[in-house]
Student: 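Mind looking over this structure? Questions follow.
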Amino acid sequence: MTKRKTSFLRILCILAVFLLDLALVWKLFRYLNFPIYLLIPAAFLLFLLVMYLVTRYLAARNRKSSGEGSVPKVPGTACRAGIGCAILSCFLSAAFVVGRAIDSQKRIFSPANFLSWFAIAAAFFLAFLWITDELLRHPPIRLKPKQLCGQPKQLWILFSIFFFLSWLPCLFLYYPGSVSPDSLACIVRAIGKARLSNQQPVLYTLMMRPFLLASLSTGGGLTSGVALFLAVQTAAMAVTLGYLPYWLAKKQYPVWTLVLTAIYFILNPVFPMYSSTMWKDIPFGGLILLYVLNVWDIVESRGEWLKSRTNLIWFVLLNFLISFMRNNGYYIIAVTLIVLMIVLRRDWKRLVPCFLAVLVAVPVIQGPVYDACGVEQSPFAESVAIPLQQIGYTVAHNGTLTPAQADFLNQLLPLEEMKKAYTPHSANNIKFHKDFNSGFLDTHKIEFLKVWAEMLGPNFKSYCRAYGMQTIGYWHPGIRNWVLYNGIGKGYGAEKLGLFMSDPLHAASNRAVISKAFSLLQNFLPTFSVVNTGCLFWLTVFAAFLLAVRRKGRFVIALLPLFVLWGTLMIATPVFCEFRYMFGFATSIPAVLLAAFPEKNPDIPVVPAD
């Protein structure tokens with residue numbers, strides 16, 4: 001072939017690549033409603049990215065064939081990264097396309113959706129491939145000995161104080177803090193106006209009790225007691241999140257990573273607002289961060305970290321705290337402990353008794369012990385929100401029911417009322433309906449599950465769509481919902497208990513500033529935002545992917561608590577998108593991302609945090 005023909009073919013190939021990129025970007029812009037004037041620049045940037053990746057691949061291939069240096073490892077890593085990027089891109093693209101179709105009540109499987117899926121998957125594949133290539137060749141974090149690492153405990157104290165002082169103004173701005181209907185359910189139980197119930201975890205209610213009762217007994221009223229409790233909660237969260245910079249310093253992370261972590265915790269309005277909000281999800285999110293870091297230490301040291309008696313006692317205590325702070329906490333620690341027992345088989349004789357003691361003690365306490373103490377169990381409806389939604393969707397859309405199934409469901413909630421009550425994104429309208437027979441459901445659990453299973457086959461498509469709409473916020477990055485609860489809501493009974501907001505700083509006008517700042521944060525990058533539950537999940541998946549590509553797959557075990565937390569929501573979430581349920585992802589995401597990137601100097605010994 002002549003040189004002229006070779007040049008002509010090369011030009012044709014380049015032109016074909018550019019036209020393909022243009023078509024890809026056009027489809028992507030149409031799907032995402034991006035401005036059309038950015039089409040050509042975006043296509044050109046994509047073209048440059050494709051050409052760069054092709055050049056990189058050809059260069060690596062040529063070096064391998066010529067036997068230069070230590071390059072033979074590169075193609076294997078590149079192949080592994082390419083396959084991983086392809087799989088990750090396909091799933092993420094499916095989340096976008098399927099989620100959008102479900103949210104807009106349109107057909108999921110259509111030629112237009114397939115083209116959209118292909119366009120988004122191709123764009124993500126190229127982006128992930130480029131990011132992965134750059135991170136493998138130029139790790140952004142190189143761990144080296146630092147003088148700073150000689151005083152990490154002082155850093156823990158300093159960061160904790162810094163966080164506390166930065167967050168405290170929010171408590172006074174919304175004095176006595178943020179109290180929602182869920183908070184009131186805890187308050188009335190804490191002060192003895194209602195029987196203790198595990199629907200609102202008993203541990204959190206008992207933590208509130210001394211503050212509220214002390215304030216009532218001294219004439220301070222509930223308002224002062226709530227303010228005091230939330231001040232202590234703010235301090236506890238500051239100490240908990242302040243542990244992360246300490247942990248990073250112990251691992252010889254550079255100073256700038258500690259600074260970025262502090263900026264994230266201070267400037268993200270979620271943390272100052274949540275620290276002064278009376279929700280059990282807040283301390284639970286802090287405990288999840290500690291759990292992720294401790295499991296990382298255990299995996300990194302191959303179990304040596306647990307040989308310290310202090311560390312083992314603390315880790316067992318942490319498992320109990322997570323189990324009793326939220327009702328899905330037990331599933332998180334159960335899966336994690338079982339995996340750790342398998343991974344750390346050589347230490348079975350020492351670890352298995354401790355871990356099994358936790359796994360057995362928690363259900364015993366939450367079952368027979370709670371019953372003996374007169375604690376009400378959480379209603380069965382709380383754990384079957386998704387089946388209720390699937391049945392509700394089927395009834396609302398005149399799905400297939402046998403007469404026996406209809407008779408059973410009528411005893412739970414009259415079918416006409418269920419049709420009116422059903423909403424796509426929350427089971428609360430059904431399970432909190434005035435005619436909903438919760439007692440009947442509690443005494444007919446097996447029969448309910450049997451009816452639900454029998455309806456699955458004839459109403460499979462309805463079940464799938466109902467499930468998608470009920471869980472969409474946890475896997476589709478384009479979905480948002482309210483995040484913050486500002487102050488004390490009206491009309492929920494707070495006034496009857498003597499709870500009122502006040503303005504000790506005379507700065508009530510600044511409440512609008514916080515709302516505006518948070519709205520900007522949420523809307524600036526609505527799909528890729530640190531206050532988007534779907535985005536937090538996919539960032540964690542990407543971190544796990546990076547660990548696997550870098551042959552550090554065993555560290556994915558440290559992310560297991562987060563994935564199990566997500567899994568429990570996918571099984572039993574009562575609401576389609578609730579940020580506080582995923583707050584553990586928000587507290588852990590700096591650690592998750594930073595831990596996935598660094599390149600360790602082989603001369604640095606492993607020093608797990610205490």
Side-chain angles (χ1 to χ4, degrees), residues 180-189 193-201 205 280 326-328 370-371 375-456 458-459 462-463 465-473 481-482 489 491-493 568-578 580-581:
S180 74
D182 280 355
S183 311
L184 288 178
C186 292
I187 290 174
V188 296
R189 289 170 171 80
K193 287 186 175 293
R195 184 180 170 188
L196 282 175
S197 170
N198 203 36
Q199 183 174 357
Q200 299 294 334
T205 303
K280 73 271 187 183
R326 269 197 68 91
N327 290 331
N328 60 343
Y370 275 8
D371 291 341
V375 176
E376 293 180 343
Q377 294 296 333
S378 180
F380 183 62
E382 292 292 318
S383 58
V384 290
I386 289 177
L388 281 173
Q389 283 293 85
Q390 291 171 322
I391 291 174
Y393 181 95
T394 302
V395 171
H397 291 81
N398 300 313
T400 304
L401 277 80
T402 65
Q405 292 166 352
D407 288 342
F408 180 85
L409 294 177
N410 264 316
Q411 297 179 71
L412 188 63
L413 178 65
L415 295 184
E416 288 303 316
E417 293 299 321
M418 188 178 290
K419 281 186 178 182
K420 298 175 185 177
Y422 173 77
T423 54
H425 297 316
S426 174
N428 291 341
N429 283 15
I430 291 178
K431 66 183 185 180
F432 293 139
H433 192 280
K434 62 183 179 64
D435 295 326
F436 183 76
N437 194 339
S438 181
F440 175 79
L441 179 61
D442 287 337
T443 56
H444 294 79
K445 298 175 184 176
I446 302 299
E447 293 90 335
F448 170 80
L449 294 175
K450 184 180 178 182
V451 168
W452 168 77
E454 289 172 348
M455 291 173 59
L456 172 61
N459 304 284
S462 296
Y463 270 40
R465 188 170 285 274
Y467 177 78
M469 288 189 292
Q470 182 69 9
T471 61
I472 189 171
N481 192 23
W482 71 279
Y492 294 109
T568 60
L569 294 174
M570 293 295 289
I571 293 172
T573 178
V575 183
F576 79 109
C577 182
E578 191 84 18
R580 61 186 174 120
Y581 295 165

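Keep in mind that the numbers below use all heavy atoms, side chains included, and drop hydrogens, waters and symmetry copies. If you're wondering where the values come from, they're calculated on a predicted model, not measured in any experiment.
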Student: Check step by step if ring pair (Phe, Tyr, Trp, His ring centres under 6.0 Å) holds for Phe440 and Phe380.
Tutor: CA-CA 10 Å; Phe440 175 79; Phe380 183 62; over 10 Å; no
Student: Is it true that the side chains of Asp442 and Gln377 contain a donor and an acceptor less than 3.5 Å apart?
Tutor: no
Student: Can you see whether Gln470 engages His425 through a side-chain donor-acceptor pair at a distance of less than 3.5 angstrom?
Tutor: no
Student: Identify each donor-acceptor pair in which a side-chain atom of residues 394-403 lies under 3.5 Å from a protein atom, sequence neighbours left out, and give them as a table.
Tutor:
unit_1	atom_1	unit_2	atom_2	d
Thr394	OG1	Gln390	O	2.8
His397	ND1	Tyr393	O	3.0
Asn398	OD1	Lys419	NZ	2.8
Thr402	OG1	Gln405	N	3.2
Thr402	OG1	Gln405	OE1	3.4

Student: Can you name the residues that form a side-chain hydrogen bond (donor to acceptor under 3.5 Å, both in side chains) with Ser197, not counting sequence neighbours?
Tutor: none
Student: Give the C-alpha distance, both sets of side-chain angles, the deciding distance and a yes or no for side chain to side chain contact (heavy atoms under 4.5 Å, CB included) between Trp452 and Leu409.
Tutor: CA-CA 10 Å; Trp452 168 77; Leu409 294 177; over 6 Å; no
Student: First locate atom CG of Asn481, then atom CD1 of Ile472, and finally report the distance between them rounded to the nearest 0.5 Å.
Tutor: 11.5 Å
Student: Looking at every non-hydrogen atom in both residues, tell me the closest pair between Asn428 and Pro574 and how far apart they are.
Tutor: OD1-CB, 4.3 Å
Student: Tell me every residue that passes salt bridge (Lys or Arg N to Asp or Glu O under 4.0 Å) with Lys280, counting only those two or more places apart in sequence or in another chain.
Tutor: none
Student: Can you tell whether the side chains of Lys431 and Glu382 come within less than 4.0 Å, N to carboxylate O?
Tutor: yes
Student: Examine His444 together with Phe448 and report whether their ring centres are nearer than 6.0 Å.
Tutor: no
Student: For Leu569 and Thr471, which heavy atoms make the closest approach, and how far apart are they?
Tutor: O-CG2, 4.5 Å
Student: With no hydrogens and no angle check, just 3.5 Å: does a side-chain donor-acceptor pair link Ser183 and Ser180?
Tutor: yes
Student: Which heavy atom of Asn429 sits nearest a heavy atom of Ala421, and at what distance?
Tutor: CB-O, 3.0 Å
